[in-house]
2 protein chains.
Amino acid sequence: MSQSPAPRRTLGRPARISREQVIATARRIVDADGVDRLTMRRLATEIGTTPMALYHHVRNKDELLVALLDDYAERALRRPELPGDPRGRVLAAAAAIHEALAACPWITEVLTADDLMSTSALWFVEQILDGLIACGLTPDRAVHGYRAIWYFTAGEIIVRTTATRRRTDDDRPTYRERVFADVDPDELPRLAQAAGRWAALTAEDTYLDGLQALLDGLLAAH
Amino acid sequence: MSQSPAPRRTLGRPARISREQVIATARRIVDADGVDRLTMRRLATEIGTTPMALYHHVRNKDELLVALLDDYAERALRRPELPGDPRGRVLAAAAAIHEALAACPWITEVLTADDLMSTSALWFVEQILDGLIACGLTPDRAVHGYRAIWYFTAGEIIVRTTATRRRTDDDRPTYRERVFADVDPDELPRLAQAAGRWAALTAEDTYLDGLQALLDGLLAAH
DNA sequence: ACCTGAACACCGTTCAAGT
DNA sequence: ACCTGAACACCGTTCAAGT
């Protein structure tokens, strides 16, 4: 989606930088150094202007981030061949969203804004809704089902990416390691039993398993 | 959990502020104005010292936030009477965590650090693991099941709270409203059909429904 | 051991002025 | 219409010094 501003007039001073250029440069910074390092000031110097020149092409930093999300979704969300059966369609559409998000961890900062990430993602939402309805849910319950899938998907991405982010830039034992070290096997036997395998188990990608379980549960009652 | 530092010595200058006081004041700021408004500088002036005095009781701001989370979990997570049947136990433990988090939206900033929020929450994790195993899952699959429940729970909290946060401090039409306005009913019929009811549907609290569906799905294969 | 003051190296954004 | 410079009101944190 391009929510470009007013139609370009030929009057006045010719623009030296464009909104596209601003967004493209912001993307480069974020891809290289992470979203934390994207500041209006750095973006300006990287482009070769003053910070305030940016505000002519973008309302503020928040809008820049949303534009960045849109830009990414438009390029990363390629519509796949969907299977014919509705259950498979829901799974494939959700997995496609998940895959695009997983490849772009910085997105979590913006992601949580709301449930519809961008217009480019709407087609996927449509497939999920349609699949759920074809499986027998009412339209209203399909929306709730979609939301449940979205909670699960967003939660998986956010928890997973922020966990790995902290692990990398830290050499000391993680919070989790310190917590497990204090577990009393008499009081918390299951945790103590799992403590040694916890890191390996949580490193496994079980998104698809969880998604299937959730979907099965959503469809089971109907 | 109190990860208090070295044992208090009587030597040297007597402390004028304590770690407890720092955390308690930080909590007051966060409860009143949100986590964004918690800065080391404001915290210092609110206590009546200089910013740098804080760094003697807390390693840095990140550690302060984790301490804040611990502090909250210790006070908010009261262990409920759990039902005898294992499925009910899992539901009740997950719902208790969810309830505590929902009452404390600022926590999402810290929450996503990892999966075990604090030692106070471990008992609840234990109940979930134990319940899942009692329902027939292997210990490894129980960990995966717990993770799935955690993804869903964290995702619900994060999406819900950030969505309402943006709604309040903004009078213009939301991003979602703008997106729905552009939906083409021919291309995306299900979305167009749901557009009018979307806000009302997503305002409903369907966490427990989703949780039950997920749990049913997790248990179904075994 | 605990606290202070000054300073460093940053932020996002407004405002008034330039071309 | 588009861009600039200076300024405002902030940040987290380090460092050297005080008691």
task = Give a yes or no on whether a salt bridge exists between A/D70 and A/R75, defined as a side-chain N under 4.0 angstrom from a carboxylate O.
result = no
Can you check whether [X] has a side-chain N or O nearer than 4.0 Å to OP1 or OP2 of [N]?
{"X": "A/R42", "N": "C/dC10", "answer": "no"}
{"X": "A/T49", "N": "D/dC3", "answer": "no"}
{"X": "B/R16", "N": "C/dT4", "answer": "yes"}
{"X": "A/H57", "N": "D/dA1", "answer": "no"}

query = Just wondering, are more than 12 heavy atoms of other shown residues or ligands nearer than 6.0 Å to CD in A/Q21?
reply = yes
inquiry  = Under the criterion side chain to side chain donor-acceptor pair (under 3.5 Å), I'd like the reasoning laid out for B/T153 against A/Y151: C-alpha separation, chi angles, the key distance, then a yes or no.
reply    = CA-CA 8 Å; B/T153 304; A/Y151 294 150; over 6 Å; no
key: Any strand: nucleotide that pairs with D/dC2 via Watson-Crick or wobble, under 3.5 Å   = C/dG18
query = Whom does D/dA7 pair with, Watson-Crick or G-U wobble, provided both distances fall under 3.5 Å?
reply = C/dT13
Rounded to whole Å, please give me the gap between [atom1] in [X] and [atom2] in [N].
{"X": "A/E63", "N": "C/dT13", "atom1": "CD", "atom2": "P", "value": "11 Å"}
{"X": "A/I17", "N": "D/dA1", "atom1": "CD1", "atom2": "C1'", "value": "13 Å"}
{"X": "A/K61", "N": "C/dT14", "atom1": "NZ", "atom2": "C1'", "value": "18 Å"}
{"X": "B/L43", "N": "D/dT13", "atom1": "CG", "atom2": "P", "value": "12 Å"}
{"X": "A/L38", "N": "C/dG12", "atom1": "CG", "atom2": "C1'", "value": "12 Å"}
{"X": "B/D36", "N": "D/dC11", "atom1": "CG", "atom2": "P", "value": "12 Å"}
{"X": "B/M40", "N": "C/dC3", "atom1": "CE", "atom2": "C1'", "value": "14 Å"}
{"X": "A/Y55", "N": "D/dT4", "atom1": "OH", "atom2": "C1'", "value": "15 Å"}

Proximal nucleotide (of [options]) relative to the [X] side chain:
{"X": "A/P51", "options": "C/dT4, C/dT13, D/dC3", "result": "C/dT13"}
{"X": "B/A15", "options": "D/dG12, C/dC2, D/dA7", "result": "C/dC2"}
{"X": "B/T50", "options": "D/dC2, C/dG12, C/dG5", "result": "C/dG5"}
{"X": "B/M52", "options": "D/dG5, D/dC15, D/dG12", "result": "D/dC15"}
{"X": "A/H56", "options": "C/dG12, C/dC2, D/dC2", "result": "D/dC2"}

ask   = How long is the gap from CD1 on A/I149 to NE2 on A/H98, to the nearest 0.5 Å?
value = 12.5 Å
inquiry  = Within this structure, what is the CG-CZ distance for the pair B/L215 and B/F152, rounded to the nearest 0.5 Å?
reply    = 11.5 Å
remark   = The answer to which of A/R41 and A/A53 contacts DNA chain D further toward the 5' end, by nearest nucleotide, is A/A53
Distance, P atom - from C/dA9 to D/dC10, rounded to whole angstrom = 22 Å
query = Any sub-3.5 Å donor-acceptor pair from B/Y72's side-chain atoms to B/A100's backbone N or O?
reply = yes
